[in-house]
Amino acid sequence: MIGFLIAIASGILMSLQGVFNTAVTKNSTIWSSAGFVHFTALIVCLAAWLFTERTGFSDVLAVRPRYLLTGGLIGAFITYTVIVSMDKMGPAKAVMFIVVAQLISAYLIEVFGWFGVEKQPLSMQKIIGMIVAISGIILFKWE
């Protein structure tokens with residue numbers, strides 16, 4: 001149950017962040033806005049680390065394979081693409097496309113067992129669920 005509630009909070013926070021970042025970009029540029037977002041995130045993470053575990057920081061560099069350390073790089077482009085998509089399509093449409101793209105890519109990662117994720121069997125029920133989600137986007141976008 002806690003995982004479900006945290007996932008809901010994550011979705012709400014992502015939507016808020018996208019709207020806020022898009023608004024900030026109107027007074028600056030995309031990369032300066034994204035840089036500020038990630039700089040403030042760094043400060044929050046360092047403060048949280050200092051007030052909690054205060055260990056394990058150097059262990060991050062021992063992670064293998066090395067490509068797993070590109071999360072921050074990917075995060076910068078996530079911020080950029082969220083800002084641009086929300087600016088061009090509006091928050092609701094952008095988030096729908098973003099969430100369905102996340103769902104499809106996450107399911108492919110599971111089915112093929114990419115990046116060290118435990119491989120899951122292909123499920124017709126999940127494929128139908130994705131088709132329903134895509135149909136929802138078409139219905140929502142249809143005017």
Side-chain angles (χ1 to χ4, degrees), residues 1-25 29-143:
M1 180 59 142
I2 191 73
F4 178 73
L5 295 174
I6 290 173
I8 290 172
S10 176
I12 292 168
L13 291 171
M14 285 181 192
S15 293
L16 285 173
Q17 183 193 35
V19 170
F20 291 1
N21 292 349
T22 302
V24 170
T25 300
T29 65
I30 290 177
W31 288 113
S32 60
S33 173
F36 182 79
V37 166
H38 289 274
F39 176 71
T40 56
L42 172 65
I43 292 169
V44 170
C45 290
L46 287 174
W49 176 75
L50 284 171
F51 289 106
T52 58
E53 62 246 2
R54 299 178 87 180
T55 62
F57 198 79
S58 61
D59 296 337
V60 170
L61 299 178
V63 169
R64 299 290 187 272
R66 288 277 193 210
Y67 68 81
L68 296 175
L69 296 173
T70 62
L73 175 74
I74 293 169
F77 289 103
I78 290 169
T79 302
Y80 173 84
T81 56
V82 168
I83 290 170
V84 172
S85 63
M86 284 195 174
D87 184 52
K88 301 292 184 198
M89 299 189 315
K93 287 180 185 175
V95 168
M96 270 199 314
F97 279 99
I98 290 165
V99 168
V100 169
Q102 284 179 311
L103 176 64
I104 292 169
S105 60
Y107 189 57
L108 289 172
I109 290 168
E110 281 187 354
V111 167
F112 292 105
W114 292 335
F115 313 116
V117 172
E118 185 177 333
K119 196 171 184 177
Q120 299 295 319
L122 187 66
S123 164
M124 191 52 102
Q125 182 177 355
K126 290 180 182 177
I127 291 172
I128 292 170
M130 283 187 258
I131 291 169
V132 169
I134 293 166
S135 300
I137 286 177
I138 293 167
L139 185 62
F140 191 88
K141 191 166 170 37
W142 190 9
E143 301 197 19

**Q** Using a 3.5 Å distance criterion without hydrogens, assess whether the side chain of Thr79 forms a donor-acceptor pair with backbone atoms of Gly75.
**A**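 Yes.
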**Q** Aromatic rings Trp31 and Phe77: how do their planes relate, parallel, tilted or perpendicular, breaks at 30° and 60°?
**A**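 The rings of Trp31 and Phe77 stand perpendicular, inter-plane angle above 60°.
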**Q** Any chance CZ of Phe51 has more than 12 other-residue heavy atoms, nucleotides or ligands included, within less than 6.0 Å?
**A**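 No, because the 6.0 Å sphere around CZ of Phe51 holds 12 heavy atoms or fewer from other groups.
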**Q** With heavy-atom distances below 4.5 Å as the criterion, would you say the side chains of Asn21 and Val82 are in contact?
**A**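 The answer is no; the side chains never approach within 4.5 Å.
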**Q** Mind listing the closest non-hydrogen atom pair of Ser105 and Gln102 along with its distance?
**A**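 Looking at all heavy atoms of both residues, the shortest contact is OG-O, 3.2 Å.
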**Q** Distance check, rounded to the nearest 0.5 Å: Leu122 atom CG versus Leu108 atom CG?
**A**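 With rounding to 0.5 Å, CG (Leu122) is 9.5 Å from CG (Leu108).
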**Q** Within the distance-only criterion (no hydrogens, no angle test), does the side chain of Trp49 pair as donor or acceptor with the backbone N or O of Val44 below 3.5 angstrom?
**A**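 Not at all, since once roles are kept as given, no pair shorter than 3.5 Å links the two residues.
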**Q** Pick out which of Ile137, Ile131, Leu139 makes a side chain to side chain contact (heavy atoms under 4.5 Å, CB included) with Ser135.
**A**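 Between Ser135 and the candidates, side chain to side chain contact (heavy atoms under 4.5 Å, CB included) is satisfied uniquely by Ile131.
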**Q** Measure across Met86 and Val19 and return the closest heavy-atom pair with its distance rounded to 0.1 Å.
**A**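 Taking every non-hydrogen atom into account, SD-N, 3.5 Å.
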**Q** Please check if atom CZ in Arg54 has more than 12 non-hydrogen atoms from other residues, nucleotides or ligands closer than 6.0 Å.
**A**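 Open: at most 12 neighbouring heavy atoms sit under 6.0 Å from CZ of Arg54.
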**Q** Which pairs with one or both residues in residues 90-113 pass ring-ring contact (aromatic ring centres under 6.0 Å, His included), sequence neighbours excluded?
**A**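 Listed once each, the pairs are Phe112-Trp114.
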**Q** Checking Asp87 now: which residues fulfil side-chain contact (heavy atoms from CB on, under 4.5 Å) with it, not counting sequence neighbours?
**A**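 Only Thr22, Lys26 meet the side-chain contact (heavy atoms from CB on, under 4.5 Å) criterion with Asp87.
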